[in-house]
Amino acid sequence: MCGIIGYIGYDNATPLLIEGLKKLEYRGYDSAGVAVHTEHSLEVVKAKGKLCALSEKLQQMPQLVGNLGIAHTRWATHGEPSEQNSHPILSASGKFAVVHNGIIENYIAIKDELLKKGVKFSSDTDTEVVAQLLDIYYDGDVLSTVIKVISKIEGSYALGIICAQRPDELIAVKKASPLIVGVGKGENFIASDATAIVSRTKDIIRLEDEEIAIIRAGSVKIYDKAKNEISKEIVHIDWDVAAAEKAGYEHFMLKEIMEQPTAIMNTIKPRIKDGKIDFEQDGVSFSMADLKNINKICILACGSAYHVGCVAKYIFEKILRKPVEVAVASEFRYMNPIVDGNTLVVAISQSGETADTLAAMKEAKALGARVLSIVNVVGSSIATCSDNVLYTWAGPEIAVATTKAYSTQLCVVYMLAIYMAKKLSRINSAQHAAFVEDLLNLPSKVEKVLTAQELIKSLAKNFYDCKNVFFIGRNTDYSVSLEGSLKLKEISYIHSEAYPAGELKHGTISLIEEGTLVVALATNDALFEKMISNIKEVKARGATVLTLTTEMHRAEAESVSDYCICIPKTSDMMMPSLAVLPLQLFAYYIAYLKGCDIDKPRNLAKSVTVE
Ligand code: AGP
């Protein structure tokens, strides 16, 4: 989704802003632009399409030089992707330039009001009302002007603002859309996420809703809506700059797939002490009474994180014997949810900024639930809004298609399940010890599965031009099928569906014809024979079947399938961590062979900050 960077300092802003935008490319965008304060005016350059179009445009014109500027990558919502609609948006007088992430929900009413007053609009965006309001309200005091504007607008916004008459001030304000201030030496930044500025500074301030930052080269002042100055904590982010680079891999996605053994180890290891799962360092603990009082677990998430929730439902219900509801976060608020003080809500999110998940968990909190989140980005909105957070230590994930964050989320789910089951005496000490051992062995098993990279690449050569793919499985294999299908769809643009294997015969099997690819997941011993029957059903109708199973079932699986991938065995609970890996690699190589833009698939954004 849209990306923001702003700079004020001793250096020329333009190259820094372009570099920052490059780091934000992964969020997804369809146009980009930059505004720089040059001497007395604001100069804006924008281009539709990729950043290289903007860079080319900048090269063909006299250098854009100034120490203050804002820049933006836009993922179109209101108004088509075009130069005119891209940001920064200039106010009619040219006095203000604005970059915006989010949606101004009452922009039509404001626009009508301003049009009646004779204000001329030059774009179809909701953002332009902000620029025009700044123009109208400006009385020489930028703080009170911004306060007036944010009192008028409704919706979500992260705004970066510069003013032609204020060459030494960069202004930032946000509501329900993330924005950080990067604190440097003699220079300061704003950004929608730390990736954009981490090479210049790792000291950041996270703005809260309706806080206004007036940023100069040597100072950052933050005010509330009543103009009181607020003191804010500067947080040092412990990010390795190289972690956000490709490190020799052709794509971030492949790098992140290969990083999974480490990411899983980093997520599990610190939470195992003396053979026990311990969330003390996370500040998370549940007393026996807490756990007994939980009469329902409600999981809120979107996309792949929702698929982790689908796995979690099988696991929690089996081991804890408590009912689990997994809700697509965007639906939750509108379904009159049955949630109360006895519900444990688990919100799952890589970015921690997904607007739908954030809104859903706020709703659940308002209904009295305790909210525990599983989040990758430290200090993100979902993390901050939760009662408890368990971080997934996957490190920065840049590819739009999630891999290592998904895998680490699964691990937190396993640990939570084992921890709660032990406290509730649903498992004994021996079972607990066996699970812990399986957890500790997981990274090396993941590493082993990833060595099948070449085999999967060669299998992908048989299928990269197929039009439809079906993924089938039972129990957690079905949940993993959902994720395998999403991976394939999002990066290769091949239509695919995931079905519970037993459900196919109730309708969808009519779509199977000669050569249709069916990927059958059969990693659960107890359900293996049932899967064999389902494989035979689709084979009998002409399907080409690629079966994913464990080594012990190789012979039988090979006898009924066209192709087979075998993975090692771990406890049934943790099989999803091994089963998903070939599917990630399969999607990657299919997309690779099709020549797709793997890290930045069309129409998609890494962090979806609008509802
Ligand atoms: C997965 O590959 C997707 N990019 C997407 O479904 C993602 O999982 C979803 O948007 C949720 O994002 P979050 O984990 O940052 O909340």
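The figures that follow rest on heavy atoms only: side chains count, while hydrogens, waters and symmetry mates do not. Whatever order the structure lists ligands and atoms in, that order sets their numbers, starting from 1. On a predicted model such as this, the values are computed, not experimentally measured, just so you know.
Side chain of D356 to main chain of A329: no donor-acceptor pair is present (N/O by atom type, distance under 3.5 Å, no hydrogens or angles). The main-chain N or O of F316 is never found under 3.5 Å from a side-chain atom of K322 such that the two would form a donor-acceptor pair.
None of E483, Q260, E256 except one satisfies the side-chain hydrogen bond (donor to acceptor under 3.5 Å, both in side chains) rule with Q584; the exception is Q260.
When the heavy-atom distances from atom 11 (C) of ligand 1 to S351, A329, C302, G303 are ranked, the shortest goes to C302.
Within the structure, ring-ring contact (aromatic ring centres under 6.0 Å, His included) contacts touching residues 393-420 (residues at least two apart or in different chains) are F279-Y419, Y391-W393.
Within the structure, the closest approach of T357 to ligand 1 does not fall below 4.0 Å when heavy atoms are considered. Under a 4.0 angstrom heavy-atom cut-off, K487 registers as being in contact with ligand 1.
K48 and D30 are not joined by a salt bridge, as no carboxylate oxygen comes within less than 4.0 angstrom of a charged side-chain nitrogen.
Among all non-hydrogen protein atoms, the one lying nearest atom 3 (C) of ligand 1 is E490 OE1, 3.5 Å. For atom 14 (O) of ligand 1, the nearest non-hydrogen atom of the protein is Q350 N, 2.6 Å. The closest protein non-hydrogen atom to atom 10 (O) of ligand 1 is V608 CG2, 4.2 Å.
For ligand 1, the atoms closer than 4.0 angstrom to any heavy atom of S304 are 1 (C), 2 (O), 6 (O), 8 (O).
Shown here for D126 and I104, the closest heavy-atom pair between the two residues is OD2-N, 2.9 Å.
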